[in-house]
Trainee: 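Could you have a look at this structure, given as structure tokens, before my questions?
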Amino acid sequence: MSTNVRVLRDRYAVNLSSGRKGGMATVYRATDVQTGETVAVKMFRVANGIEENDVLDETFRREVAALQQLRHPNIVALRDFVTSGPGAETYLVLDWTDHCLRDKIGKVSADGWDTFYENVARPLLLALNFAHERYCIHRDVKPSNVLVTDQGVVRLADFGIAKLK
């Protein structure tokens, strides 16, 4: 196996050269060796200090708690998660999506606002409404957190700073 691949829990073969860095985590393309499906592994960085550790642990906890209760076609699905305790390596396993709205926004057809509303805004509003009905406020909606599948399905992602009531 290549040195650019790391296997987690004998199940997820993570392509380490595919990482997209974010503020608190890096998302990697991986393969679920049990199913053969492509998945996303969101690995939270290891903290340098106690205060930073507390923030990362809380971010991880919030994202897991939110995604466990938010099963919706326009919200990224949580498949699995792992933590070994405070300050330990933690990661989420999510549905893989190749694109985000930021990547696609310049390629939106000239069909106008009605098409944009139907294809992007409406599914996003449905996801937000679903979350709000479950007392979960996302608090970080931006084009890079709105994923778009190859089939054009819009999915809201990154609930790490969500407010859960």
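Note that the coordinates shown come from a computational prediction; the quantities given were computed from them, not determined experimentally.
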Trainee: Can you pull out every side-chain hydrogen bond (donor to acceptor under 3.5 Å, both in side chains) where at least one residue sits in residues 122-132? Sequence neighbours excluded, please.
Mentor: Asn129-Glu133
Trainee: In chain order, what residues pass the ring pair (Phe, Tyr, Trp, His ring centres under 6.0 Å) check against Phe159, with sequence neighbours excluded?
Mentor: His138
Trainee: Considering only heavy atoms from C-beta outward, does the side chain of Asp80 approach that of Tyr12 to under 4.5 Å?
Mentor: yes
Trainee: Does the side chain of Thr26 reach to within under 4.5 Å of the side chain of Arg45, using non-hydrogen atoms?
Mentor: no
Trainee: Are any side-chain N or O atoms of Arg62 and backbone N or O atoms of Ala162, one a donor and one an acceptor, separated by less than 3.5 Å?
Mentor: yes
Trainee: Looking only at heavy atoms, what is the nearest atom pair of Ala40 and Val27, with distance?
Mentor: CB-CG1, 3.9 Å
Trainee: Same hydrophobic cluster for Val5 and Trp96, using side-chain heavy-atom links shorter than 4.5 Å among ILVMFWY?
Mentor: no
Trainee: In terms of hydrophobic clusters joined by side-chain contacts under 4.5 Å, are Leu156 and Tyr135 together?
Mentor: no
Trainee: Indicate every side-chain donor-acceptor pair of residues 67-74 with a distance under 3.5 Å to a residue at least two apart or in another chain.
Mentor:
| from | atom 1 | to | atom 2 | distance (Å) |
| --- | --- | --- | --- | --- |
| Arg71 | NH1 | Leu78 | O | 3.0 |
| Arg71 | NH2 | Leu78 | O | 3.4 |
| His72 | ND1 | Asn74 | N | 2.9 |
| Asn74 | ND2 | Val154 | O | 2.8 |

Trainee: Show me the side-chain donor-acceptor pairs of residues 143-152 shorter than 3.5 Å, one per line, residues at least two apart or across chains.
Mentor:
| from | atom 1 | to | atom 2 | distance (Å) |
| --- | --- | --- | --- | --- |
| Asn145 | ND2 | Asp140 | O | 2.8 |
| Asn145 | ND2 | Asp140 | OD2 | 3.1 |
| Thr149 | OG1 | Gln151 | N | 3.2 |
| Thr149 | OG1 | Gln151 | OE1 | 3.4 |
| Thr149 | OG1 | Gly152 | N | 3.3 |
| Thr149 | OG1 | Val153 | N | 3.0 |
| Asp150 | OD1 | His99 | NE2 | 3.0 |

Trainee: Could you work out, with salt bridge (Lys or Arg N to Asp or Glu O under 4.0 Å) as the rule, every residue matching Lys163, not counting sequence neighbours?
Mentor: none
Trainee: Using salt bridge (Lys or Arg N to Asp or Glu O under 4.0 Å) as the criterion, list what pairs up with Arg61, not counting sequence neighbours.
Mentor: Glu58
Trainee: Would you kindly confirm whether Ile75 and Val141 end up in one hydrophobic cluster when ILVMFWY residues are joined by side chain heavy atoms under 4.5 Å apart?
Mentor: yes
Trainee: Check the hydrophobic clustering (I, L, V, M, F, W, Y; side-chain heavy atoms under 4.5 Å; chains of links allowed) and say if Leu128 and Val76 are grouped together.
Mentor: yes
Trainee: What pairs with Phe60 under ring pair (Phe, Tyr, Trp, His ring centres under 6.0 Å), at least two apart in sequence or on another chain?
Mentor: Phe44
Trainee: Side chains of Asp98 and Arg29: closer than 4.5 Å at any heavy-atom pair?
Mentor: yes
Trainee: Is there side-chain contact between Leu8 and Val82, with heavy atoms separated by less than 4.5 Å?
Mentor: no
Trainee: Applying side-chain hydrogen bond (donor to acceptor under 3.5 Å, both in side chains), name anything that partners Arg155, two or more places apart in sequence or on another chain.
Mentor: none
Trainee: Kindly write out the residues that satisfy side-chain hydrogen bond (donor to acceptor under 3.5 Å, both in side chains) with Ser17, not counting sequence neighbours, or none if the list is empty.
Mentor: Asn15
Trainee: Residues in side-chain hydrogen bond (donor to acceptor under 3.5 Å, both in side chains) with Glu118, at least two apart?
Mentor: none
Trainee: Examine Leu16 and Val93 and state if one hydrophobic cluster contains both, with Ile, Leu, Val, Met, Phe, Trp and Tyr joined whenever side-chain heavy atoms are less than 4.5 Å apart.
Mentor: yes
Trainee: Using a side-chain heavy atom cutoff under 4.5 Å and only I, L, V, M, F, W and Y, what cluster partners does Tyr117 have?
Mentor: Leu125
Trainee: Tell me, please, which residues at least two apart from Arg11 pass salt bridge (Lys or Arg N to Asp or Glu O under 4.0 Å).
Mentor: Asp32
Trainee: Considering only NZ, NE, NH1 and NH2 on the basic side and carboxylate oxygens on the acidic side, decide whether Lys42 and Asp158 come within less than 4.0 Å.
Mentor: yes
Trainee: Can you find a heavy atom in the side chain of Glu63 that is under 4.5 Å from one in the side chain of Met24?
Mentor: no
Trainee: Distance check, rounded to the nearest 0.5 Å: Thr59 atom OG1 versus Asp54 atom CG?
Mentor: 10.5 Å
